[in-house]
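Notes follow once the structure below has been shown.
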Amino acid sequence: MTDRIIDDRELDPVLRELSAWDDTRPLDPGARHRARTRLLSAMEGRRRPLWQCPGLRIAASGLATAAIAATVLVAVREDGGSATAQQPARAVTASTVLAEAAAYDREHPQPVTTPPRDDQFIYTKEIIKETNRATGETKAYVDENWHSVDGKQRSWVMEVGKGWWSPPLAKNEAKWPTQEWASLKKLPTEPKQLILAMASPFGSAKIHSLDKLTDQDWWMAQTSLTSLLKSIPVLPDGLRAAAYEALGMIPGVKAVPGEQDAKGRTGVAIVCTLHPDGGRTDGHLAFIFDPKTYEFLGFRDVRTSGDGAKKKTYTQLSYLDSWAITDKVKQRP
């Protein structure tokens, strides 16, 4: 008998039936995540159908090409590799990966006992492995950053081992997405509403329906979501999970199997491809997730330096080693 690949959507009727047994309540996202994982494991070997706003400062670098499409199917083996004739694969969509990542995040919450004050700093320690695409040479860096929460103090920023002082925001300048806790708490944790909020920095436009979003609006929403997820390690309860789900609803995101993170682990990458003119790019920024548990592993990005014949292109793999809230810049936790 010829094996066929099972799309995760085929499991939904089974999960609904399971939740209906004995008149129990419907499975919550976490329970569905666990049940789906067990079902897939049990069926192994038998399955198978195969954006410019004046005074606005974007809070992340390398996001100009960030974006997203929830309809691209890829084949992913349970061990994270690509499909082979010897080991059939299952079809996975970007929206499915991000929904499962949201479920994982909800099952493994990181409660913030003392939210950051506006006069404090968010410290992050990132480990980066960068490979020159032309020569294959790889170098490792440890970047430590101290970002002012409200942007009214100068911050210390590092990129591939080099640091500099980032000046405070000017009088009529604002940072988006904001790191201020009170503002983050106001962001919706319902995915569609979060998309609308992300498409309108500081409520600059009142859009009430996804159908009303323009190409620029979708790109702004995607850029804001990726910046929120990449640049702010501490978020109010439920916001990160909602951001994952919202990212999966934006046109342009795709899932790519067999990607390795900075630690050499193989995962499935969520690649951003939407362009501000409404078109698509090959995408630079990618979020890498464990293909079984959907735990977030790290980032893949692209950096360039120089121009013309001196231009160099690097592939970056990175992960967040640690973060903390500090009272002073350059104060280590």
Side-chain angles (χ1 to χ4, degrees), residues 51-64 66 110-126 128 141-189 193-206 219-240 242-243 246 285 299 301 303 318 320-333:
W51 155 7
Q52 283 166 339
C53 299
L56 189 64
R57 184 183 295 181
I58 298 296
S61 61
L63 292 175
Q110 296 181 333
V112 180
T113 55
T114 306
R117 301 192 311 267
D118 289 350
D119 63 341
Q120 292 182 307
F121 295 83
I122 303 296
Y123 165 82
T124 57
K125 180 180 179 181
E126 298 175 277
I128 298 171
Y141 304 92
V142 177
D143 286 355
E144 293 180 287
N145 303 275
W146 284 264
H147 289 283
S148 169
V149 171
D150 62 7
K152 293 181 180 180
Q153 303 180 74
R154 65 176 185 170
S155 301
W156 179 257
V157 180
M158 292 188 73
E159 185 175 357
V160 290
K162 297 179 180 179
W164 66 91
W165 291 103
S166 177
L169 296 172
K171 183 178 180 180
N172 295 319
E173 227 177 10
K175 186 177 183 180
W176 181 259
T178 178
Q179 287 191 137
E180 297 176 2
W181 194 256
S183 298
L184 290 171
K185 287 278 287 185
K186 293 178 182 179
L187 290 173
T189 54
Q193 293 303 312
L194 183 58
I195 290 175
L196 296 176
M198 291 289 98
S200 304
F202 310 107
S204 56
K206 295 297 182 181
W219 182 81
M220 183 71 245
Q222 164 245 286
T223 301
S224 299
L225 284 167
T226 53
S227 181
L228 184 76
L229 289 166
K230 188 176 192 297
S231 304
I232 309 178
V234 51
L235 294 173
D237 185 45
L239 185 54
R240 188 173 303 277
L285 180 65
F299 300 99
D301 209 342
R303 183 179 74 89
S318 63
L320 183 65
D321 179 78
S322 60
W323 68 270
I325 300 169
T326 66
D327 293 326
K328 300 178 181 179
V329 67
K330 289 198 172 185
Q331 176 187 54
R332 288 188 171 82

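One-based numbering along the sequence shown.
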(message) Measuring from atom CG of L228 to atom OG1 of T223, what distance do you get when rounded to the nearest 0.5 angstrom?
(response) 12.5 Å
(message) If you define the side chain from C-beta out and look only at heavy atoms, does anything of T114 sit under 4.5 Å from I325?
(response) no
(request) Could you tell me whether a side-chain N or O of S231 sits under 3.5 Å from a main-chain N or O of S227, the two making a donor and an acceptor? (result) yes
(request) Could you grab the distance from atom NZ of K230 to atom CD of E126, nearest 0.5 Å is fine? (result) 5.5 Å
(request) State, to 0.1 Å, how close V142 and K125 come at their nearest heavy-atom pair, and which atoms those are. (result) CG1-CE, 3.7 Å
(request) Give the minimum heavy-atom separation between H147 and K175, together with the two atoms involved. (result) ND1-NZ, 4.1 Å
(request) Looking only at non-hydrogen atoms, find the nearest pair between E173 and L169 and report the distance. (result) OE1-CA, 3.6 Å
(message) Using a 3.5 Å distance criterion without hydrogens, assess whether the side chain of S200 forms a donor-acceptor pair with backbone atoms of A197.
(response) no
(request) Could you tell me whether a side-chain N or O of N145 sits under 3.5 Å from a main-chain N or O of V157, the two making a donor and an acceptor? (result) no
(message) A side-chain contact here means heavy atoms from C-beta on lying under 4.5 Å apart; do W156 and W165 qualify?
(response) yes
(request) Please tell me if the side chains of P168 and Q153 come closer than 4.5 Å, counting only heavy atoms from C-beta onward. (result) no
(request) Please confirm whether the backbone N or O of S148 pairs with a side-chain atom of Q179, one donor and one acceptor, at under 3.5 Å? (result) yes
(message) Just so I know, are the side chains of Y141 and E159 near enough to count as touching, which here means a heavy-atom distance under 4.5 Å?
(response) no
(request) Over all heavy atoms of both residues, which pair between G163 and M158 is shortest? Give the atoms and the distance, please. (result) CA-CG, 3.8 Å
(request) For the residue pair P233 and I122, establish whether any side-chain heavy-atom pair is separated by less than 4.5 Å. (result) yes
(message) Does atom CG (D237) have a neighbourhood of more than 12 heavy atoms from anything else shown, all under 6.0 Å?
(response) no
(message) Under a 4.0 Å threshold between the charged nitrogen and the carboxylate oxygen, would R117 count as salt-bridged to D327?
(response) yes
(message) Can you confirm whether L225 sits close enough to L194 that some side-chain heavy atom of one is under 4.5 Å from a side-chain heavy atom of the other?
(response) yes
(request) Report yes or no: does S166 contribute a side-chain atom to a donor-acceptor pair with the main-chain N or O of S155 at less than 3.5 Å? (result) no
(request) Enter the distance from T189:OG1 to L239:CG here, rounded to the nearest 0.5 Å. (result) 7.5 Å
(message) Does any part of the side chain of Q110, heavy atoms only, come nearer than 4.5 Å to the side chain of R240, both counted from C-beta?
(response) no
(message) Donor-acceptor pair, distance only, cut-off 3.5 Å: does the side chain of W146 make one with the backbone of Q331?
(response) yes
(message) Whether the side chain of D143 engages the backbone of G161 through a donor-acceptor N/O pair (distance < 3.5 Å, no angle test) should be reported.
(response) yes
(request) Looking only at non-hydrogen atoms, find the nearest pair between T178 and L184 and report the distance. (result) O-CD2, 3.2 Å
(request) For residues V149 and W181, determine if any side-chain heavy atom of one lies less than 4.5 Å from a side-chain heavy atom of the other. (result) no
